[in-house]
Number of protein chains: 2
Amino acid sequence: MFHSNAKNGTVKLQNYASVFAALGDETRLSLVSKLTSGRSHSISQLAEGSKITRQAVTKHLRVLEGAGLVHSTRNGREQLYHLDLRPFKDIEEYLGFVSKQWDQALSRLKSFVEDERK
Amino acid sequence: MFHSNAKNGTVKLQNYASVFAALGDETRLSLVSKLTSGRSHSISQLAEGSKITRQAVTKHLRVLEGAGLVHSTRNGREQLYHLDLRPFKDIEEYLGFVSKQWDQALSRLKSFVEDERK
DNA sequence: GTAAAATGCAACCTAAAAGTTGCGTGATAT
DNA sequence: ATATCACGCAACTTTTAGGTTGCATTTTAC
């Protein structure tokens, strides 16, 4: 199954799935929420106050990075993570597409029923 | 972490996570895509042509149902599934919220830098 | 009334996800 | 120079996800 997005790039369902899956975890959602501050955050910053270990946070960040939701750069001994909005926009668009399909299908069904009544 | 949506209901991050997680699987995404036709589909209908067993499809449908993305009704010996757009709208809104936070944070940072230069 | 269809349920298997501990290695502050 | 900070990596454990097979139950078609 395929679907073309705004920039006319063809995106496989698989790509969407990996982005959704990356966001499908409370810990990662709260990491994302911390990263919306605009600034880059180091792993230690992102891990402090957390109930899980720094190493576990690292794993989550790599899942997010694998889905393209964040990128990282090194600065001395720190690894800095920041958001990339593009995949967010992509799935937002996909969700809009699903809604649109559904709405159109419903209105087709509705007019079909109305035609049947005549 | 909390976030209020359009209908002023307070939604926990956990709820979003379960919706994202439900969509974070290729098989379930293609089930959703089948269900956008507007009509209800039975489990057997949804399973035919699939590489996995009918029982596995049932499990996926229950994950979707658990996240509120689909609902089911019984009709004789058939179990019919149909989409519910609300959770789709919810996470679409959440994604918009994240983008907005990020954009605002960036513009604050930008004006901060500009102030520093004066 | 019997066979076939549609489903539910339980037990089981396997692989992956989520998390831990332990240790090693560069950067940095003092 | 030497602690200490920030991190990477590897091994390991536990839990969950995804999938299967087998069988029972309820509808429905003929």
A.B. asks: Does any part of the side chain of A:His82, heavy atoms only, come nearer than 4.5 Å to the side chain of A:Leu35, both counted from C-beta?
C.D. replies: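 No, their side chains stay 4.5 Å or more apart.
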A.B. asks: How many whole angstroms separate atom CG of B:Leu61 from atom P of D:dA17?
C.D. replies: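 In whole Å, D:dA17 P and B:Leu61 CG are 16 Å from each other.
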A.B. asks: Of A:Leu61, A:Leu23, A:Val32, which meets side chain to side chain contact (heavy atoms under 4.5 Å, CB included) against A:Leu69?
C.D. replies: A:Leu23
A.B. asks: Between A:Glu26 (CD) and C:dA18 (P), how many Å, whole number?
C.D. replies: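 About 12 Å, once rounded to whole Å.
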A.B. asks: Are B:Val98 and A:Val63 joined in one hydrophobic group, where the rule is that I, L, V, M, F, W and Y side chains link up if heavy atoms are under 4.5 Å apart?
C.D. replies: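 In one cluster with B:Val98: A:Val63, no.
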A.B. asks: Checking contacts here: which listed nucleotide (D:dA6, D:dT20, C:dG19) is nearest the side-chain heavy atoms of B:Lys59?
C.D. replies: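 Ranking D:dA6, D:dT20, C:dG19 by closest atom to the B:Lys59 side chain puts D:dT20 first.
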A.B. asks: Is the phosphate of C:dT7, meaning OP1 or OP2, less than 4.0 Å from a side-chain N or O of B:Thr58?
C.D. replies: no
A.B. asks: Out of C:dA18, D:dG19, D:dG22, which nucleotide sits closest to the side chain of B:Gln55?
C.D. replies: D:dG22
A.B. asks: Between atom NZ in B:Lys51 and atom P in D:dG19, what is the gap in whole Å?
C.D. replies: 11 Å
A.B. asks: According to a strict under-4.0 Å criterion, is A:Arg54 in side-chain N/O contact with OP1 or OP2 of D:dG8?
C.D. replies: no
A.B. asks: Report yes if a side-chain nitrogen or oxygen of A:Thr53 is closer than 4.0 Å to either non-bridging phosphate oxygen (OP1 or OP2) of C:dG19; otherwise report no.
C.D. replies: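 So the side chain of A:Thr53 is outside the cut-off, no N or O lying under 4.0 Å from OP1 or OP2 of C:dG19.
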A.B. asks: Rounding to an integer number of Å, can you tell me how far A:His41 NE2 sits from D:dC7 P?
C.D. replies: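 Those two atoms, NE2 and P, are 13 Å apart.
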A.B. asks: I want to check one thing: is the phosphate of D:dC9, taken as OP1 and OP2, less than 4.0 Å away from some side-chain N or O of A:Arg62?
C.D. replies: yes
A.B. asks: Is it possible for you to say whether A:Tyr94 and A:Leu85 belong to one hydrophobic cluster, with membership spreading through side-chain heavy-atom contacts below 4.5 Å?
C.D. replies: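 Same cluster.
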A.B. asks: So, OP1 or OP2 of C:dG19: does either fall under 4.0 Å of a side-chain N or O from A:His60?
C.D. replies: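 Yes, such a contact exists.
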A.B. asks: So if I take the C1' atoms of five pairs at each end of the helix from C:dG1-D:dC30 to C:dT30-D:dA1 and get each local axis, what angle do the two axes make, rounded to 10 degrees?
C.D. replies: 30°
A.B. asks: Enumerate donor-acceptor pairs with a distance under 3.5 Å from any side-chain N or O in residues 40-48 of chain B to protein atoms, sequence neighbours excluded.
C.D. replies:
| unit_1 | atom_1 | unit_2 | atom_2 | d |
| --- | --- | --- | --- | --- |
| B:His41 | NE2 | B:Lys34 | O | 3.3 |
| B:His41 | NE2 | B:Ser37 | OG | 3.0 |
| B:Ser42 | OG | B:Gln45 | N | 3.1 |
| B:Gln45 | OE1 | B:Ser42 | N | 2.8 |

A.B. asks: Taking CG from B:Asp25 and C1' from C:dA15, how many angstroms apart are they, rounded to a whole number?
C.D. replies: 14 Å
A.B. asks: Under a 4.0 Å heavy-atom cut-off, which of residues 74-82 of chain A touch DNA chain C?
C.D. replies: A:Gly76, A:Arg77
A.B. asks: Distance check needed: D:dT13 P versus A:Ile52 CD1, whole Å only.
C.D. replies: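 Atom CD1 in A:Ile52 sits about 21 Å away from atom P in D:dT13.
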